[in-house]
Amino acid sequence: MSARLPDGVLVVDKPPGPTSFDVVRRIKRAARAGRVGHGGTLDPLASGVLPICVGEGTKLAGFLLDADKEYEVTVRLGVETDTYDAAGTVTDRRDPSGVDEARVRATLPAFTGALQQTPPVYSALKRDGRPLYDYARAGEPVEARPRAVTIHELVLTGFAGPEAVSLRVRCSKGTYVRSLAFDLGRALGVGGHVAALRRTRSGPFALADARPFDAVLAALAAGEALPVIAPADALPHLPRCAVDAAATAALEQGKRVPWTALRDAPAPEGAPRVRIVRPDGRLLAVAEPRPDDATVRTLRVFGVFQPPREPSEDAQEVH
């Protein structure tokens, strides 16, 4: 019998090939779980850290999507594709032999810090309710609007010629590394695309926390336990504040509770976001202070997590 997953976050090392939704779908089926989602899309070509949210853990997804990401990327200069990666159709070729390591290094500072980035048209961003890739695949003209992103760090880690430029990227949410590769190629005058991409960190989760996707499926099939991170521990970058039973009941009922009711809470100035735990240590809410009266404004309230129960023989998968 397959193993059941408790509520929380399972960090998966996605291989190149499947989409993020494919990973979610297969884990959901293997674990016979009701609610499964992910905390940040990876392109099919990409590999690496993919947080899988289970049960009440799916309420964490929005906070994980907001987190910074880190990548190792190999850029091939001299070739542009319509998807800005190796999976696309070649749209232009130029001779990159004049690009050396020093020239690449000199160009990188222009792509660090706060900037406006235009996403690829082959992306899941929506226009009038349709993904941009839907327009692109149908041959319909569509433009992606630039948006603000931040590249915190962009480091050249290897140069095996212009066909294999290795970079380490630490960036804000919403950053497309494919667009970064495309824009870098344009800045160098020869074009470029992503040849390989691996996400090494997503928010608090690193590759050291991740289990290979095949190993996860095998463990589920064998009924073996997997290292699911409890919801209370899945947002370690947020200060942890405890409340007593009375405040717990009030917050569950949507009542206003003073910020001072949170033990170990930071000062309300600056509207710090915190995670609030019940007296037994389970996650109650993610919250911030209301600026007008310094009470707790809950951004998400979490239910009481129950251990997984064995389904009946006639249980059906819930989509």
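When reading the values below, keep in mind they use all heavy atoms of this one structure, side chains included, and skip hydrogens, waters and symmetry mates. The model shown is predicted, which means the values in this text are computed figures rather than measured ones.
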Heavy-atom side-chain contact between [X] and [Y] under 4.5 Å:
X: Leu235; Y: Val286; result: yes
X: Phe111; Y: Leu184; result: yes
X: Leu283; Y: Leu60; result: yes
X: Arg273; Y: Phe63; result: yes
X: Leu262; Y: Val274; result: yes
X: Val177; Y: Leu167; result: no
X: Asp13; Y: Val49; result: no
X: Glu163; Y: Pro96; result: yes

Side chain [X], main chain [Y], donor-acceptor under 3.5 Å:
X: Asp82; Y: Thr89; answer: yes
X: Arg275; Y: Ala232; answer: yes
X: Lys14; Y: Thr19; answer: no
X: Thr157; Y: Ser166; answer: yes
X: Arg178; Y: Thr83; answer: yes
X: Ser202; Y: Phe205; answer: no
X: Asp43; Y: Leu45; answer: no
X: Arg147; Y: Gly174; answer: yes

(message) Between Arg290 and Thr295, does the side-chain hydrogen bond (donor to acceptor under 3.5 Å, both in side chains) criterion hold? Intermediate values first, please.
(response) CA-CA 5 Å; Arg290 287 188 176 89; Thr295 58; 3.2 Å; yes
(message) Could you check whether Arg282 makes a cation-pi contact with Phe302, meaning its NZ or CZ is under 6.0 Å from the centre of the six-membered ring and within 45° of the ring axis?
(response)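 No; the conditions do not both hold, so Arg282 does not lie above the ring face of Phe302.
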Taking all heavy atoms of [X] and all of [Y], pick out the closest pair and write down the distance.
X: Arg127; Y: Val142; answer: NH1-CG2, 4.1 Å
X: Leu188; Y: Thr107; answer: CD2-OG1, 3.3 Å
X: His193; Y: Asp85; answer: CD2-C, 3.7 Å

Side-chain ion pair, [X] and [Y], N-O less than 4.0 Å:
X: Glu70; Y: Arg198; answer: no
X: Asp100; Y: Arg103; answer: no
X: Arg297; Y: Asp292; answer: no
X: Glu80; Y: Arg186; answer: yes
X: Asp92; Y: Arg94; answer: yes
X: Arg256; Y: Asp293; answer: yes
X: Arg199; Y: Glu72; answer: no

(message) Is it true that, when you exclude Gln116 itself, more than 12 heavy atoms of the residues, nucleotides or ligands shown sit nearer than 6.0 Å to its CD?
(response)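 Counting other residues, nucleotides and ligands, CD of Gln116 exceeds 12 neighbours.
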Just how far is it from atom [atom1] of [X] to atom [atom2] of [Y], taken to the nearest 0.5 Å?
X: Glu153; Y: Leu108; atom1: CD; atom2: CG; value: 11.5 Å
X: Leu50; Y: Ser20; atom1: CG; atom2: OG; value: 5.0 Å
X: Asp134; Y: Lys126; atom1: CG; atom2: NZ; value: 10.0 Å
X: Gln117; Y: Asp183; atom1: CD; atom2: CG; value: 6.5 Å

(request) Verify the cluster assignment for Ile229 and Leu238: are they in a single hydrophobic cluster under the rule of side-chain heavy atoms below 4.5 Å apart? (result)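 Yes; tracing contacts between hydrophobic side chains, which count when under 4.5 Å, links both residues.
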